[in-house]
Every structure is written in structure tokens, then in C-alpha cells.
K.L.:
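The structure follows.
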Amino acid sequence: MGVTLVRVEPEIVVATMQVRSDLCTSGRILHGGAHMAVADTLGAVGTLVNLAQGKRTTTVESSTKFIAGAKEGSTV
């Protein structure tokens, strides 16, 4: 998807992604599924850097609320 990890530490995970046309829906706005894929991935990265050796994890539930769309060409 083009996600770039900028900072990964136990207390913070920062990443960026360019909003491209292949990730957009009508109106050239980032598709909610793409947004959630990024969020889920960053949640997993944050979990893994904090997970004790030999332990496992899984996502039980994930939801989001959008207040504005990310336009094609922007960076999220």
C-alpha cells in the first residue's frame, strides 16, 4: 500500500502514506478500507514492539469514525 514507517518505538508508531488514485473511491477520496488497513497495520506494529517474547496477539474488534476525507495527492 506504500506505507512508510517513520518512527517505531514502544510508546509511538508514526507512518505516512501517499493517497494514490488506486486507493481512492469516487470523488478521489481515500477508500475507508485502505484507511483501516493502514490503521490495523500500525496497531499491529505497535503491539509487536511491546509484546513479550513468546506471546501472541490478535485483533478482536476494530472500528473507526471519519470526520473528513483524505484527497488524492495528500499524505496521511
Side-chain angles (χ1 to χ4, degrees):
M1 289 184 58
V3 176
T4 300
L5 292 172
V6 175
R7 184 174 168 190
V8 177
E9 298 175 19
E11 297 298 322
I12 188 168
V13 176
V14 178
T16 61
M17 181 181 76
Q18 186 73 28
V19 180
R20 305 181 317 266
S21 63
D22 61 316
L23 299 174
C24 290
T25 187
S26 62
R28 297 172 30 185
I29 300 295
L30 182 63
H31 190 284
H35 196 141
M36 282 303 296
V38 171
D40 189 58
T41 298
L42 297 184
V45 170
T47 298
L48 290 175
V49 298
N50 285 283
L51 199 62
Q53 187 172 359
K55 298 295 181 180
R56 298 173 59 185
T57 185
T58 188
T59 301
V60 175
E61 182 178 348
S62 182
S63 67
T64 193
K65 305 223 181 333
F66 296 97
I67 58 172
K71 296 181 181 179
E72 181 180 356
S74 65
T75 301
V76 294

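It should be emphasised that the depicted structure is a prediction, and the values quoted were computed from it without experimental measurement. Computation of the quantities below employed the complete heavy-atom set of this structure, encompassing side-chain atoms and omitting hydrogens, waters and symmetry-equivalent molecules.
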K.L.:
Shortest non-hydrogen contact from Val19 to Cys24?
P.N.:
CG1-SG, 3.6 Å
K.L.:
Test of understanding: clusters of I, L, V, M, F, W, Y form through side-chain heavy atoms closer than 4.5 Å, transitively. Do Ile29 and Met36 belong to the same one?
P.N.:
no
K.L.:
Membership question, hydrophobic clusters at under 4.5 Å side-chain separation (ILVMFWY): are Val49 and Val3 in the same one?
P.N.:
yes
K.L.:
Rounded to the nearest 0.5 Å, what separates atom OG1 in Thr57 from atom CG in Leu51?
P.N.:
6.0 Å
K.L.:
Is a side-chain donor or acceptor of Glu72 paired with a backbone partner of Leu30 at a separation under 3.5 angstrom?
P.N.:
no
K.L.:
Side-chain contact, heavy-atom cut-off 4.5 Å: Leu23 with His31?
P.N.:
no
K.L.:
Should we count CZ of Arg20 as having more than 12 external heavy atoms under 6.0 Å?
P.N.:
yes
K.L.:
Val38 versus Val76: any side-chain heavy-atom pair under 4.5 Å?
P.N.:
no
K.L.:
Within the 4.5 Å heavy-atom criterion, are Met17 and Thr4 side-chain neighbours or not?
P.N.:
no
K.L.:
Taking only residues two or more places apart in sequence or in another chain, which ones pass side chain to side chain donor-acceptor pair (under 3.5 Å) with Arg56?
P.N.:
none
K.L.:
Distance check, rounded to the nearest 0.5 Å: Arg7 atom CZ versus Ile12 atom CD1?
P.N.:
4.5 Å
K.L.:
Roughly how far, to the nearest 0.5 Å, is OG1 of Thr64 from CG of Asp40?
P.N.:
11.5 Å
K.L.:
Indicate the atoms forming the closest heavy-atom contact of Met1 with Ala37, along with that distance.
P.N.:
SD-CB, 3.6 Å
K.L.:
Does Leu5 belong to the same Ile/Leu/Val/Met/Phe/Trp/Tyr cluster as Leu48, with side-chain heavy atoms less than 4.5 Å apart forming each link?
P.N.:
no
K.L.:
Side chain to side chain donor-acceptor pair (under 3.5 Å) with Glu11: which residues, sequence neighbours excluded?
P.N.:
none
K.L.:
Work out which heavy atom in Ser62 is nearest to a heavy atom in Thr59; give both atom names and the distance.
P.N.:
CB-CG2, 4.2 Å
